[in-house]
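Comments concern the structure below.
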Amino acid sequence: MADDGRVAVVTGAAGSIGAAVAARLEADGFAVARTDIAGADYPCDVRDEEAVLDLRDAVERRLGSPWLLVNVAGVFFEHDVPELAVEDYDRIVDVNLKGTFLTCKTFLPAMLAEGSGCIVNIASTAGIKGGHRRAVYNASKGGVVLLTRSLALDHGPSGVRINCVCPGLIDTPMADWIRLDPLMLAEFEQEAPARRMGTPEDVAGAVSYLASDDATYAHGTVLVLDGGVTA
């Protein structure tokens, strides 16, 4: 357990952003429970309520009750709605939105009982604007944004801060649609105020801030982290 007694759960920790978030939180002094559907210390399918309940129990046994929950787990693939199979729709919505709902539902009660806690959901700029060939993904991330804001209204008065980060283009395999196209990537880098893609460490830094004592006035915050693209 961390010296300050704070335990963090990071979903999607086997991915690039989740791994960076977990590493940053450990550097910040948290005892971190890394969870993912595979390749993590605490295997869990966030779409399955029983699996999430088992995750909670395992973390509490080994580390103690989590003070911080970071929902990174997510899926993305380009799609056109007329051709999108219902099974693929379910996969996007169930991982991105239902998974966030289930982990919040499961870990919130202990935070509320303690009168202290923090949740940071990783949404996307896709959750605050439209986009081509990603309608269901955008809808799922828009749901994460409004779930976050609504939970903040419900539970902030009880001592739990709930915020979200909306990354733009981040240098991970999920962005292969552009990072493997030199012409598209060069055009993006020329037009973006930051003149580059974001990194997983950029997202980790935003999470670190929202989980810190410097952010005690942040409730329902939607932190856009996109190099100025949506400015």
Side-chain angles (χ1 to χ4, degrees), residues 8 10-12 15-22 24-25 28 68-76 78 92-93 95-97 99-101 103-104 118-153 155-156 160-179 184-185 187-231:
V10 178
T11 75
S16 301
I17 293 176
V21 168
R24 176 60 183 268
L25 292 176
D28 289 345
L68 172 64
L69 168 66
V70 185
N71 280 304
V72 184
V75 295
F76 167 79
E78 291 186 287
I92 295 170
V93 174
V95 174
N96 296 351
L97 183 54
T100 300
F101 156 74
T103 55
C104 289
C118 183
I119 297 175
V120 181
N121 296 322
I122 304 302
S124 170
T125 52
I128 58 175
K129 64 185 290 292
H132 295 290
R133 306 198 66 230
R134 60 200 64 205
V136 175
Y137 176 78
N138 285 44
S140 71
K141 289 299 189 177
V144 171
V145 170
L146 288 181
L147 178 67
T148 299
R149 285 180 153 171
S150 298
L151 288 174
L153 292 174
H155 303 300
V160 181
R161 294 191 298 104
I162 304 171
N163 300 288
C164 70
V165 179
C166 287
L169 193 61
I170 304 297
D171 191 4
T172 72
M174 197 175 286
D176 279 353
W177 62 274
I178 186 170
R179 70 176 192 162
M184 286 182 64
L185 182 58
E187 182 179 354
F188 169 84
E189 291 175 338
Q190 183 175 8
E191 294 180 357
R195 292 293 190 266
R196 65 175 178 86
M197 296 176 70
T199 68
E201 290 72 25
D202 289 326
V203 181
V207 172
S208 176
Y209 163 69
L210 289 173
S212 75
D213 290 341
D214 289 332
T216 55
Y217 201 52
H219 288 260
T221 295
V222 179
L223 198 166
V224 176
L225 192 75
D226 69 346
V229 171
T230 58

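Values below: all heavy atoms of this structure, side chains included; hydrogens, waters and symmetry mates excluded.
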>> For a 4.5 angstrom cut-off between non-hydrogen side-chain atoms, does L185 reach M197?
In response: yes

> Under 3.5 Å, is there a donor-acceptor pair between the side chain of K141 and the main chain of I122?
Replying inline: yes

>> With salt bridge (charged side-chain N to carboxylate O under 4.0 Å, His left out) as the rule and sequence neighbours excluded, what pairs involving residues 162-172 come up?
In response: D171-R179

>> Rounded to the nearest 0.5 Å, what separates atom CD1 in I178 from atom CD in E189?
In response: 8.5 Å

> When P200 is tested against each of V21, I170, V72 for side chain to side chain contact (heavy atoms under 4.5 Å, CB included), which residue passes?
Replying inline: I170

> Does anything in residues 197-216 pair up under salt bridge (charged side-chain N to carboxylate O under 4.0 Å, His left out), and if so which pairs, sequence neighbours excluded?
Replying inline: R6-D213, R196-D202

> For the residue pair G130 and N138, what are the closest heavy atoms and their distance?
Replying inline: C-ND2, 3.4 Å

> Can you name the nearest heavy-atom pair linking V93 to S140, along with the distance?
Replying inline: CA-CB, 4.3 Å

> With side chains defined as the heavy atoms from C-beta onward, is the minimum distance between I119 and L151 less than 4.5 Å?
Replying inline: no

> Is there a donor-acceptor pair closer than 3.5 Å between any side-chain N or O of S150 and the backbone N or O of L147?
Replying inline: no

> Nearest 0.5 Å, what's the CZ-CD distance between R195 and Q190?
Replying inline: 7.0 Å

>> Could you report the tightest heavy-atom contact between A123 and C166, atom names first, then the distance?
In response: CB-SG, 3.8 Å

> Is there a side-chain contact between D176 and P173 (heavy atoms, below 4.5 Å)?
Replying inline: yes

> Judged by modelled atom types alone, do D226 and T125 share a side-chain donor-acceptor pair under 3.5 Å?
Replying inline: no

> Among N121, V120, N163, which residue meets the side chain to side chain contact (heavy atoms under 4.5 Å, CB included) test with V207?
Replying inline: V120

> Rounded to the nearest 0.5 Å, how far apart are OG of S208 and CG of D28?
Replying inline: 3.5 Å

>> Determine whether a donor-acceptor pair (N or O, by modelled atom type, separation under 3.5 Å) exists between the side chain of T148 and the backbone of V144.
In response: yes

> Is E78 atom CD crowded by more than 12 heavy atoms from other residues, nucleotides or ligands, each under 6.0 Å away?
Replying inline: yes

> For C104 and N71, what are the C-alpha separation, side-chain angles and deciding distance, and is it a side-chain contact (heavy atoms from CB on, under 4.5 Å)?
Replying inline: CA-CA 9 Å; C104 289; N71 280 304; 3.9 Å; yes

> Taking only residues two or more places apart in sequence, or in another chain, which ones meet F188 in a ring-ring contact (aromatic ring centres under 6.0 Å, His included)?
Replying inline: none

>> For V10 versus G18, what's the shortest heavy-atom pair and its separation?
In response: CG1-O, 3.8 Å

> Could R133 and W177 be counted as a cation-pi pair, given that NZ or CZ must be under 6.0 Å from the ring centre and within 45° of the axis?
Replying inline: no

>> Determine whether a donor-acceptor pair (N or O, by modelled atom type, separation under 3.5 Å) exists between the side chain of R149 and the backbone of V222.
In response: no

> Relative to the ring of F76, is the ring of Y137 parallel (under 30°), tilted (30 to 60°) or perpendicular (over 60°)?
Replying inline: perpendicular

> Any idea which heavy atoms bring V229 and P193 closest together, and the distance?
Replying inline: N-CD, 4.1 Å

> Is there a donor-acceptor contact under 3.5 Å from the side chain of R134 to the main chain of H132?
Replying inline: yes

>> If I take atom CG from residue L68 and atom CG from residue L25, how far apart are they, to the nearest 0.5 angstrom?
In response: 6.0 Å

> Where do G127 and V145 come nearest, in terms of heavy atoms and distance?
Replying inline: O-CG2, 4.2 Å

> Atom CG of L210 and atom CZ of R161: how far apart are they, to the nearest 0.5 Å?
Replying inline: 7.0 Å

